[in-house]
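Please read the structure below before turning to the comments.
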Amino acid sequence: MSEPKELSPSFEPTAQDSQSDLPEGWLQVQSMDLDAQGVARKPDGKVIFIDGALPFELVTANTHRKKNNWEQASLVAIHRESSQRVRPGCPHFGLHAGACGGCKMQHLHVGAQVAVKQRVLEDNLWHLGKVKAQTMLRPIEGPSWGYRYRARLSVRHVIKKGQVLIGFHERKSRYVADMQQCPVLPPHVDAMLMPLRALIAGMDARDTCPQIELACGDTVTALVLRHLEPLSADDLARLRAFAAEHHVQWWLQPKGPDTVKLLDEGGELLSYALPDFGITMPFKPTDFTQVNPHINRVLVSRALRLLDVQPHERVIDWFCGLGNFTLPLATQAREVLGIEGSEALVARSRENYALNQAVAPDHKALAATDFVARNLFEMTPEMLVADGSADKWLVDPPREGAFALAKALADIEQARIGAEGAGPLPTGAEGWAPPKRIVYVSCNPATLARDAGLLVHLAGYRCTAAGMVNMFPHTAHVESMAVFERD
């Protein structure tokens, strides 16, 4: 396990206590780390990470892991409680045995969660990338409950308990939590948990169905059943009866994600809308889509507003996926190129473009748009030049970030200015121009900060704005976006 990382506090204490003035064994919690643990220092200065503690609380804790420079501990007692501590909204959240590990911050007021995550973004940008945004954007927030339209639920038939468990894993455990409810799931799915348990318990395949994947569209709820053995006729009948009663769409997955298919063909398409742009996005339940559709709509609108695409401009959407940003961009630009690593997602993007182009009014026809499949983790300056100049970029990478892309851009700039140690300009780069503006949407502030460092210090950009996006309330996950302008 890697060392926990400390971050600065995001709200000020009403009073600061000197550790030396506290009763023996008491600790003053100073901040939170990236795993939602309280961070304190022992009298000898050693850092201690405390599960369940919040900034500026006075606590006692029980150490269960010691290293030379730090310790990990569990909360034993709170002697002065934070004003930001709240009662968790789910009975399965907590530090008790069997507690669900799906959420980590339900004990912290949602407004304070947002403040902590905003500070995580700022700290990462500065400490990892030596970048400070000129403007901090207002955080994007949405519903804090019932928001999780995608989830991967583990299924276990526990013979000793005589029941089937369906849900997330217990905290720091491989066991499935005994979840009877889950208020971060949409209410109709939350209400379905116990009936799902009863369904699987009554199936012949109860021991060979390890997972149910949830994907909710605007009007369709899809459930993907992973099954290790062929399902009996009786089990298929049970699934159909459940679908009729609970208004869900069953998909079956006998092997890898490419084997997923509808139990019964026909019915309504799984899709979500981006009403600000008149776009509808069909998708398969195993395709990547954002967990929180309420936030996604605002995220897309803000990203395009910040990019400020003009009708004469060409735009590249890197890591385009299904076209979540590409198709809205095509309502504004002259030409759009979407680049994605997955051939399957590129094919789906083309289908979605054709569908939306077919229903668009003549005066709102989508711009000429092409989609290309390419490994974006192996980008080179030569490949970048071959894609042609673009006025603006939208970058939306996975957690690994867009290092190869940022480095290729930086290498071209360093070659152009004749920096010491720089390589030669790629063939054709003389007539190639870097984008004037980049909007980078990130699901990992550490890789965003790393890439921002390249863009600012080597590629000739300023970070004009950055802000967090609370895509996953009650978790320590930090989504964010940043804007880079060419100097």
Side-chain angles (χ1 to χ4, degrees), residues 121-122 124-137 302-310 312-320 325 329 333-337 339 374 376-397 400-442 444-467 480-487:
L121 171 62
E122 293 179 60
N124 274 263
L125 283 172
W126 179 246
H127 292 301
L128 300 181
K130 294 296 181 280
V131 170
K132 188 170 184 178
Q134 294 174 349
T135 301
M136 291 308 298
L137 300 169
R302 178 182 281 187
L304 267 67
R305 188 165 62 251
L306 291 169
L307 205 56
D308 191 27
V309 176
Q310 301 302 307
H312 64 276
E313 292 180 325
R314 181 176 189 256
V315 184
I316 299 180
D317 180 11
W318 302 94
F319 305 91
C320 70
F325 291 101
L329 285 168
R334 169 182 60 84
E335 180 185 341
V336 184
L337 174 62
I339 305 180
R374 184 179 307 135
L376 292 174
F377 299 107
E378 297 181 356
M379 282 296 296
T380 64
E382 291 75 18
M383 294 164 66
L384 197 52
V385 169
D387 286 321
S389 299
D391 301 279
K392 309 279 175 68
W393 281 6
L394 192 293
V395 184
D396 182 21
E400 295 85 350
F403 177 77
L405 180 63
K407 186 176 185 304
L409 189 56
D411 286 349
I412 292 174
E413 176 64 14
Q414 292 295 293
R416 191 191 301 276
I417 65 175
E420 184 178 353
L425 269 175
T427 302
E430 296 81 2
W432 182 88
K436 295 175 292 187
R437 181 176 298 166
I438 300 170
V439 171
Y440 188 132
V441 179
S442 167
N444 184 345
T447 53
L448 167 62
R450 177 201 64 198
D451 298 345
L454 283 173
L455 293 174
V456 170
H457 302 304
L458 295 175
Y461 288 84
R462 293 174 291 118
C463 182
T464 56
S480 58
M481 67 166 58
V483 184
F484 299 92
E485 295 272 3
R486 177 83 178 166
D487 274 335

Stepwise side-chain contact (heavy atoms from CB on, under 4.5 Å) check, Phe403 with Thr447
CA-CA 8 Å; Phe403 177 77; Thr447 53; over 6 Å; no
Does the pair Met379 and Arg374 meet the rule for a side-chain contact (heavy atoms from CB on, under 4.5 Å), with working shown?
CA-CA 9 Å; Met379 282 296 296; Arg374 184 179 307 135; 3.9 Å; yes
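Residues Leu409 and Ile438 are in side-chain contact: their nearest non-hydrogen atoms beyond the backbone lie under 4.5 Å apart. Put simply, the side chain of Asn124 does not reach to within 4.5 Å of the side chain of Leu448, judged on heavy atoms. Considering only heavy atoms from C-beta on, Val385 stays 4.5 Å or farther from Thr427 through its side chain. Contact annotation: the side chain of Leu329 never approaches that of Lys392 to less than 4.5 Å [non-hydrogen atoms, C-beta and beyond].
What you find for Ala402 and Tyr440 is that their closest heavy atoms are N-OH, 3.3 Å. Shortest non-hydrogen contact noted between Ile412 and Pro381 is CG1-CB, 3.7 Å. Pairing each heavy atom of Arg462 with each of Asp487, the nearest pair is NE-OD1, 2.7 Å. Closest approach of Ala303 to Phe325, counting heavy atoms only: CB-CE2, 3.7 Å. Heavy-atom minimum distance, Asp396 versus Phe319: O-CB, 3.1 Å. When all heavy atoms are compared, the tightest approach of Leu128 to Ala449 is CB-CB, 3.8 Å.
Under the rule for a side-chain hydrogen bond (donor to acceptor under 3.5 Å, both in side chains), the partners of Glu485 that lie at least two apart in sequence or sit in another chain are Arg437. Residues meeting the salt bridge (Lys or Arg N to Asp or Glu O under 4.0 Å) test with Lys132, sequence neighbours left out: none.
Atom CZ of residue Arg416 and atom CH2 of residue Trp432 lie 7.0 Å apart, to the nearest 0.5 angstrom. Note that the CH2 atom of Trp393 and the CG atom of Leu455 stand 8.0 Å from one another [nearest 0.5 Å].
Under the side-chain contact (heavy atoms from CB on, under 4.5 Å) test applied with Arg314, the options Val309, Val336, Leu337 reduce to a single match, Leu337.
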